[in-house]
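Heads up, the thing below is written out as structure tokens.
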Amino acid sequence: MNEHERSLLMSLHPHYATAILDGRKSVELRRQRVAVPPGTKVILYATSPVMALVGTATVTAVQVGTPSEIWKAHKEHGAISRRDYLTYMKGAEQASALLLDAATPFSDPVPLAHLRAGGSFHPPQSYRYVDPDTLRGWVQGHPTAEEVLSESSPRPAAASETKAASRSRPNEVRVHRSAAA
């Protein structure tokens, strides 16, 4: 299975999942490098008290830098206060910004109890990759199963993208602070 056939399942506090789905947050900030190609579907799992798959978004790019560089580049789009960001990033030497687009909420979130009934679902601490067959097993029988599967389907990769991705990481951009900043 290649990287374009799997989705990224990401756990988020409900506040941040809602902010992505309603358009107030277009960048997901992480303490570690997350290497995913543009076009990767992100399945949003809202943690307690929601505990459900709530929607999807699409990665358009990933930027990596120091926490300070990432904050300066994305503070307006992360839906997080500087204080909370600094607390989250404390001790981190690098940070990643996943630029997101096409956020789509599910019409009926898929609750944790249903996900566990469909297989060995364990919400990821941060994120994990998921293939279509595993996702199908988790959501099978839920009223919005077809919607979830449709919205979570990664877009097909163009042959030129696949070749470029195998040679380098064109989606990953290193953020550098300019001397004038």
Side-chain angles (χ1 to χ4, degrees), residues 2-47 53-90 92-106 123-132 135 148 150-158 160-178 181:
N2 72 46
E3 60 195 11
H4 292 284
E5 294 173 344
R6 59 188 184 170
S7 299
L8 190 68
L9 173 63
M10 190 166 279
S11 290
L12 299 154
H13 290 283
H15 168 79
Y16 297 121
T18 300
I20 289 170
L21 294 171
D22 71 16
R24 290 178 291 126
K25 179 178 172 71
S26 59
V27 175
E28 175 58 19
L29 304 163
R30 294 288 161 144
R31 292 175 48 94
Q32 69 278 349
R33 184 175 148 270
V34 180
V36 294
T40 297
K41 286 291 189 166
V42 178
I43 304 167
L44 306 173
Y45 176 82
T47 59
L53 298 181
V54 295
T56 64
T58 302
V59 175
T60 59
V62 177
Q63 294 183 342
V64 178
T66 66
S68 178
E69 291 166 342
I70 294 298
W71 174 255
K72 286 177 183 171
H74 300 290
K75 63 186 171 189
E76 301 298 322
H77 305 286
I80 188 170
S81 70
R82 180 171 171 74
R83 187 181 95 207
D84 288 347
Y85 178 79
L86 292 174
T87 299
Y88 174 62
M89 290 291 172
K90 187 174 182 167
E93 293 183 17
Q94 75 172 6
S96 288
L98 281 77
L99 283 64
L100 303 173
D101 193 20
T104 306
F106 296 142
Q125 184 70 26
S126 180
Y127 68 91
R128 68 168 276 200
Y129 297 99
V130 61
D131 64 79
L135 180 61
V148 172
S150 172
E151 289 296 330
S152 303
S153 296
R155 68 168 173 77
S160 60
E161 279 182 5
T162 305
K163 288 177 186 173
S166 67
R167 290 191 307 268
S168 65
R169 291 194 171 92
N171 64 306
E172 188 175 289
V173 176
R174 177 83 186 147
V175 176
H176 296 284
R177 199 170 93 215
S178 76

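Along the sequence shown, the residues carry numbers beginning at 1.
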Nearest-0.5 Å distance, OG1 of residue Thr56 to CG of residue Leu44: 7.0 Å
Counting C-beta onward and ignoring hydrogens, is there a side-chain heavy-atom pair between Arg24 and Tyr16 closer than 4.5 Å? no
Backbone N/O of Lys90 and side chain of Arg31: donor-acceptor pair under 3.5 Å: yes
Short question: side chain of Ser7, backbone of Ser152 - any donor-acceptor pair under 3.5 Å? yes
Leu9 CG to Tyr45 OH distance, which is reported to the nearest 0.5 Å: 9.0 Å
Any donor-acceptor pair under 3.5 Å from Lys25 side chain to Gly78 backbone: yes
Of the non-hydrogen atoms in Leu29 and Ala97, which two are nearest, and what is the gap between them? CD2-CB, 4.0 Å
Check: Leu99 and His74 side chains under 4.5 Å, non-hydrogen atoms: yes
Looking at every non-hydrogen atom in both residues, tell me the closest pair between Pro14 and Ala46 and how far apart they are. CA-CB, 4.2 Å
Looking at side-chain heavy atoms only, is the closest gap between Ile80 and Trp71 below 4.5 Å? yes
Heavy-atom pair of closest approach, residues Ala103 and Ile20: CB-O, 3.3 Å
Between the side chain of Ser96 and the main-chain N/O of Val34, is any donor-acceptor distance below 3.5 Å? yes
Less than 4.5 Å apart, side chain to side chain, heavy atoms only: is that true for Leu98 and Leu8? yes
For the CZ atom of Arg82 and the OG1 atom of Thr87, what is their distance to the nearest 0.5 Å? 11.0 Å
Gln32 versus Gln94, closest heavy-atom pair with distance: C-NE2, 4.4 Å
Quick check: do Leu12 and Val54 have side-chain heavy atoms less than 4.5 Å from each other? no
So which heavy atom on Ser11 is nearest to which on Thr47, and how close? CB-CG2, 4.0 Å
Taking the side chain as every heavy atom from C-beta outward, state whether Val42 and Tyr127 have any atom pair closer than 4.5 Å. no
Shortest non-hydrogen contact between Pro67 and Ala95, atoms and distance: CA-CB, 4.0 Å
Take a 6.0 Å sphere around NE2 of His15 and say whether it holds more than 12 heavy atoms from other residues, nucleotides or ligands. yes
Check whether Thr104 reaches the backbone of Ala102 with its side chain - one donor and one acceptor, N or O, closer than 3.5 Å. yes
